Amino acid sequence: MINIDFNHNTKEFYQSLTMINIEQALKIILAQIAPLRPEISPASSTILGTCIAEDIHADFASPPFDKSIVDGFAVRISDLEKNNWELPLGCEIPANVNGPIELPLGTTAEIMTGAPIPFGADAVFAKEQCNKLGTRIQFESRKCQKAMNILPMGKEYQQGELLLKAGTKITPQRAGILAACGKTSVMAQPAPRVAIISTGTELVEANMKPKGGQIRNSNGPMLVALSGVSGALPKYLGIAGDCKKNIKELLTEAESSDAIIFCGGVSAGKYDLIPEVLQESGAKILIHKINLKPGKPFLFAISAKGKPVFGLPGNPCSVFVCFHLFVAPAIAALQGETNISPKILSLPITESFYHESDRDTCFPAKILIDQFQAKVKPGKWFGSADLKGLSECNALLLCKEGVTNYKAGDLIQVLVTGPHFFSPSFT
Ligand code: AMP
Ligand code: MG
């Protein structure tokens, strides 16, 4: 457990917070984050990924009546033997039939998938098991048990049953459950609003042609995209440059959001002004520098208004790695998720892999499906500035500091970053 004295926000204090590891950093961050206050939200795609804050009970049983699970013919089993497995058609039951229907004795009813079983019937033959001879139905298959092809009322759930507990994350299937229970609105944690600020006087936006020492701001759009796919509502506030006044102004504007992301300006250079500005604005810096490659200068603070502030080192791969390790879990915590654990798999590596570093390393890699088996291939990557190498990857190899030496086929730990569906053709 790391002992943090929140009253000592001096330069010496945050310098003393150097080189903690990923797990320690995540612990410190999550300890500072409370779920957003739930509000009534439309039960539409906007709540996907957030957690509901109320229990959802079934208003009806499902199915609400005994129903057929096939298109076919409903029978009384006792009619079959005595009529030599052939019955006249008595009636037709479509899925939207209104009111109770009784199966006339000695007949069969043509029934559609999902339609209610008529009174008296106790089995359904699938259409493929029958021959239609004019108005008579011949049952080819002579195998029939009671309740064959019938889904009994309440088999899925009973009226009043608890279907989704408060705190459950809304997935597409659960959005379906909400609709099945007639819930068009629900108490839920809102999507966190995340403010994104780029720093760096060398930056110009993507629509500009860089001159001299300028480069384009690739992190801004990448962070907007990362925040969006993590379930947040990103608000891009622009490039602050390396100007204290601009950074302060944008920080003030950002404090109306639920979380703030700065990129660049957190390492040791003369113009890395974020730690200074944060201190002067009354923020508490809780993390500065971690045992991580790429991403060593990572910073985490709580702003004067109590908002979590992430200072991501400016190199694009550091941004990507620190976002996955620290910002995405924080967004999940703001959304009310309690069981936050990174998506780590143990996968066989496709080739021998040697890596040496004095820091724990997240090495870009590609998860592939080969002969129906997931494998991981190290990417072609030369370091924290290599956005092109990173863009060809969908995962990060987790290597402990020191020497990492694997043979092809060895299992290695992999953090999944997405896209989340892999096909052999993913290149
Ligand atoms: P910094 O963390 O500010 O020292 O920046 C480290 C490196 O990342 C420098 O080469 C910056 O030019 C680059 N960088 C910083 N911010 C961005 C950005 N928004 N987009 C692309 N590169 C950036
Ligand atoms: Mg900079």
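Given the structure is predicted, the values throughout are model-derived calculations rather than measurements.
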[atom1] of [X] to [atom2] of [Y]: how many Å apart, nearest 0.5 Å?
X: Asn405; Y: Ser352; atom1: CG; atom2: OG; result: 8.0 Å
X: Ile56; Y: Leu163; atom1: CD1; atom2: CG; result: 8.5 Å
X: Thr361; Y: Glu356; atom1: OG1; atom2: CD; result: 10.5 Å
X: Cys393; Y: Ile367; atom1: SG; atom2: CD1; result: 10.0 Å
X: Gln129; Y: Ser141; atom1: CD; atom2: OG; result: 4.5 Å
X: Cys130; Y: Gln138; atom1: SG; atom2: CD; result: 9.5 Å

Determine yes or no for a side-chain-to-main-chain donor-acceptor pair under 3.5 angstrom, with [X] supplying the side chain and [Y] the backbone.
X: Glu161; Y: Gln158; answer: yes
X: Asn21; Y: Glu23; answer: yes
X: Glu92; Y: Glu110; answer: no
X: Arg76; Y: Gly106; answer: no
X: Asp258; Y: Pro192; answer: no
X: Ser62; Y: Pro64; answer: no
X: Asp360; Y: Lys400; answer: no
X: Thr199; Y: Cys263; answer: yes
X: Asn149; Y: Val124; answer: yes
X: Arg216; Y: Ala206; answer: yes

Are [X] and [Y] side-chain neighbours, meaning at least one heavy-atom pair lies under 4.5 Å?
X: Ser303; Y: Leu278; result: no
X: Thr108; Y: Leu89; result: yes
X: Gln335; Y: Ile331; result: yes
X: Met222; Y: Leu387; result: yes
X: Lys366; Y: Val376; result: no
X: Met19; Y: Arg359; result: yes
X: Leu233; Y: Val194; result: no

For [X], what residues pass the ring-ring contact (aromatic ring centres under 6.0 Å, His included) criterion, not counting sequence neighbours?
X: Tyr157; result: none
X: Phe353; result: Phe363
X: Phe300; result: Phe310
X: His57; result: none

- Task: Applying side-chain contact (heavy atoms from CB on, under 4.5 Å), run through Lys289 and Phe298 and close with a yes or a no.
- Result: CA-CA 5 Å; Lys289 293 195 183 73; Phe298 173 78; over 6 Å; no

- Message: For Ile239, run the side-chain contact (heavy atoms from CB on, under 4.5 Å) check against Ile197, Asn217, Asn246, Val204 and tell me which one passes.
- Response: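 When side-chain contact (heavy atoms from CB on, under 4.5 Å) is applied between Ile239 and each of Ile197, Asn217, Asn246, Val204, only Asn217 qualifies.
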
Taking the basic N atoms (NZ, or NE/NH1/NH2) and the acidic carboxylate oxygens, is any pair closer than 4.0 Å for [X] and [Y]?
X: Glu86; Y: Arg136; result: yes
X: Asp55; Y: Lys165; result: no
X: Asp71; Y: Lys127; result: no
X: Glu392; Y: Lys380; result: no
X: Lys183; Y: Glu54; result: yes
X: Lys307; Y: Glu255; result: no

Inspect the surroundings of [atom1] in [X] and state if more than 12 heavy atoms from other residues, nucleotides or ligands are less than 6.0 Å away.
X: Asn131; atom1: CG; result: yes
X: Phe60; atom1: CZ; result: no
X: Met187; atom1: CE; result: yes

Mind listing the closest non-hydrogen atom pair of [X] and [Y] along with its distance?
X: Lys155; Y: Pro63; result: N-CD, 3.9 Å
X: Pro294; Y: Leu292; result: O-CG, 3.4 Å
X: Ile274; Y: Gly264; result: CG1-O, 3.6 Å
X: Pro348; Y: Leu411; result: N-CD2, 3.5 Å
X: Ala43; Y: Leu178; result: CB-CD1, 3.9 Å
X: Ala25; Y: Ile290; result: CB-CG2, 4.0 Å

Name every donor-acceptor pair, under 3.5 Å, that has one atom in a side chain of residues 311-330 and the other anywhere in the protein, sequence neighbours excluded.
residue : atom : partner : partner atom : Å
Asn315  : ND2  : Ser384  : OG           : 3.4

- Query: Under the side-chain contact (heavy atoms from CB on, under 4.5 Å) criterion, do Ser227 and Ile196 qualify, and how do the steps go?
  - Reply: CA-CA 9 Å; Ser227 304; Ile196 296 160; 3.8 Å; yes

- Step by step, work out the side-chain contact (heavy atoms from CB on, under 4.5 Å) result for Val75 and Leu87. CA-CA 9 Å; Val75 297; Leu87 293 169; 4.0 Å; yes

- Check against side-chain hydrogen bond (donor to acceptor under 3.5 Å, both in side chains), Gln413 and Ser346: CA-CA 5 Å; Gln413 289 216 310; Ser346 200; 5.4 Å; no

- Query: Checking side-chain hydrogen bond (donor to acceptor under 3.5 Å, both in side chains) for the pair Asn219/Ser198: CA distance, chi angles, key distance, verdict?
  - Reply: CA-CA 7 Å; Asn219 291 340; Ser198 294; over 6 Å; no

- Message: Are Phe139 and Phe125, when compared by the centres of their aromatic rings, separated by less than 6.0 Å?
- Response: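 Yes: the rings meet the under 6.0 Å criterion.
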
- Intermediate values then yes/no, side-chain hydrogen bond (donor to acceptor under 3.5 Å, both in side chains), Gln159 and Asp59: CA-CA 6 Å; Gln159 187 173 31; Asp59 62 341; over 6 Å; no

- Run the numbers on Lys375 and Ile349 for side-chain contact (heavy atoms from CB on, under 4.5 Å), then give the verdict. CA-CA 6 Å; Lys375 294 184 176 175; Ile349 195 159; over 6 Å; no

- With sequence neighbours excluded, what pairs up with Arg37 under the side-chain contact (heavy atoms from CB on, under 4.5 Å) test?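 Partners of Arg37 under the side-chain contact (heavy atoms from CB on, under 4.5 Å) test: none.
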
